[in-house]
**Student:** 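Quick one: structure below, then a few questions.
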Amino acid sequence: QAQLVESGGGLVQAGGSLTLSCAASARTFSVYTMGWSRQAPGKEREFVAAISWSSGSTYYTDSVEGRFTISGDNAKNTVYLQMNSLKPEDTAVYYCNARVGPPAMDYWGKGTLVTVSS
């Protein structure tokens, strides 16, 4: 079993920056990937970014490519999301997720609110 603890959300003006972090505790498992999704009011949860622990490969949804950067510290099982040039449409609850195993299972954090004011 794994637990994820997110931090770093808050209120920021458009054009500003925030960094989210998420630490995974998974004593008896290996972390395969970690990432972030978000859910805006009245919308479905959507993928934002992910990073593979083994290869370091990163993946982004088109709307954040070039503005957000995902990175990780696999010794600490911690993932970061550096968000720059924030827009009001980035306002959402951001959820951290981790795929751990074996066998592979997905875990989610409780979410952290990011509000971007115009």
Side-chain angles (χ1 to χ4, degrees):
Q1 201 169 16
Q3 292 184 330
L4 306 180
V5 179
E6 301 129 327
S7 61
L11 173 64
V12 64
Q13 287 189 333
S17 299
L18 277 176
T19 300
L20 306 181
S21 63
C22 173
S25 62
R27 291 184 181 181
T28 60
F29 295 97
S30 296
V31 175
Y32 297 147
T33 63
M34 292 189 74
W36 296 90
S37 296
R38 66 186 180 185
Q39 187 166 19
K43 295 187 177 181
E44 294 185 351
R45 190 176 300 189
E46 65 170 351
F47 167 81
V48 175
I51 183 168
S52 166
W53 246 223
S54 60
S55 67
S57 298
T58 57
Y59 309 89
Y60 299 93
T61 191
D62 288 347
S63 62
V64 308
E65 185 85 51
R67 299 188 297 122
F68 291 10
T69 302
I70 190 169
S71 61
D73 182 339
N74 53 10
K76 297 180 180 179
N77 283 338
T78 299
V79 65
Y80 306 95
L81 186 68
Q82 174 67 44
M83 304 184 293
N84 298 327
S85 302
L86 282 161
K87 305 175 181 180
E89 50 263 44
D90 294 317
T91 295
V93 177
Y94 283 71
Y95 296 92
C96 174
N97 69 278
R99 174 159 291 184
V100 305
M105 297 183 68
D106 292 323
Y107 292 88
W108 292 87
K110 294 182 178 180
T112 184
L113 177 63
V114 172
T115 303
V116 184
S117 63
S118 56

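As the structure is a prediction and not an experimental result, all values here were calculated from the model.
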**Student:** Does the side chain of Tyr80 come within less than 4.5 Å of Ile70's, by heavy atoms?
**Tutor:** no
**Student:** Find the distance between CG (Leu20) and SG (Cys96) and round it off to the nearest 0.5 Å.
**Tutor:** 9.5 Å
**Student:** Quick one: are Ile51 and Val79 in side-chain contact, heavy atoms under 4.5 Å?
**Tutor:** yes
**Student:** Can you tell me how far the OG atom of Ser117 sits from the CG atom of Leu11, to the nearest 0.5 Å?
**Tutor:** 5.0 Å
**Student:** Hey, are the side chains of Val114 and Asp90 touching, using non-hydrogen atoms and a 4.5 Å cut-off?
**Tutor:** no
**Student:** Is there a continuous path of hydrophobic side-chain contacts, each under 4.5 Å between heavy atoms, that joins Val12 to Leu81?
**Tutor:** yes
**Student:** Is there side-chain contact between Tyr32 and Pro102, with at least one heavy-atom pair below 4.5 Å?
**Tutor:** yes
**Student:** Any side-chain donor paired with an acceptor under 3.5 Å for Ser17 and Asn84?
**Tutor:** yes
**Student:** Do Arg45 and Trp108 come close enough that some side-chain heavy atom pair is under 4.5 Å?
**Tutor:** yes
**Student:** Can you confirm whether Thr69 sits close enough to Tyr60 that some side-chain heavy atom of one is under 4.5 Å from a side-chain heavy atom of the other?
**Tutor:** yes
**Student:** Between atom SG of Cys22 and atom CD of Glu6, what is the distance when rounded to the nearest 0.5 Å?
**Tutor:** 5.0 Å
**Student:** Would you say Thr91's side chain and Val116's backbone share a donor-acceptor pair under 3.5 angstrom?
**Tutor:** yes
**Student:** If you measure from NZ on Lys110 to OH on Tyr95, what distance do you get to the nearest 0.5 Å?
**Tutor:** 12.0 Å
**Student:** Would you please say whether a donor-acceptor pair under 3.5 Å links the side chains of Ser7 and Ser21?
**Tutor:** yes
**Student:** In the structure I gave you, are the side-chain heavy atoms of Leu18 and Leu86 within less than 4.5 Å of one another anywhere?
**Tutor:** yes
**Student:** Does Val31 belong to the same Ile/Leu/Val/Met/Phe/Trp/Tyr cluster as Met105, with side-chain heavy atoms less than 4.5 Å apart forming each link?
**Tutor:** yes
**Student:** What's the spacing between Asn77 CG and Trp53 CH2 if we round to 0.5 Å?
**Tutor:** 6.5 Å
**Student:** Would Trp36 and Val5 show up in the same hydrophobic cluster when neighbours are defined by side-chain heavy atoms closer than 4.5 Å?
**Tutor:** no
**Student:** Just by distance, with hydrogens left out, do Arg38 and Tyr94 show a side-chain donor and acceptor under 3.5 Å apart?
**Tutor:** yes
**Student:** Taking all heavy atoms of Met34 and all of Ala24, pick out the closest pair and write down the distance.
**Tutor:** CE-CB, 3.8 Å
**Student:** Taking the side chain as every heavy atom from C-beta outward, state whether Ser37 and Asn97 have any pair of such atoms under 4.5 Å apart.
**Tutor:** yes
**Student:** For Gln82 and Thr19, test the side chains for any donor-to-acceptor distance below 3.5 angstrom and give the result as yes or no.
**Tutor:** yes
**Student:** Atom CE of Met83 and atom CZ of Phe68: how far apart are they, to the nearest 0.5 Å?
**Tutor:** 5.5 Å
**Student:** Looking at Thr78 and Lys76, would you say the former's side chain and the latter's main chain have a donor-acceptor pair under 3.5 Å?
**Tutor:** yes
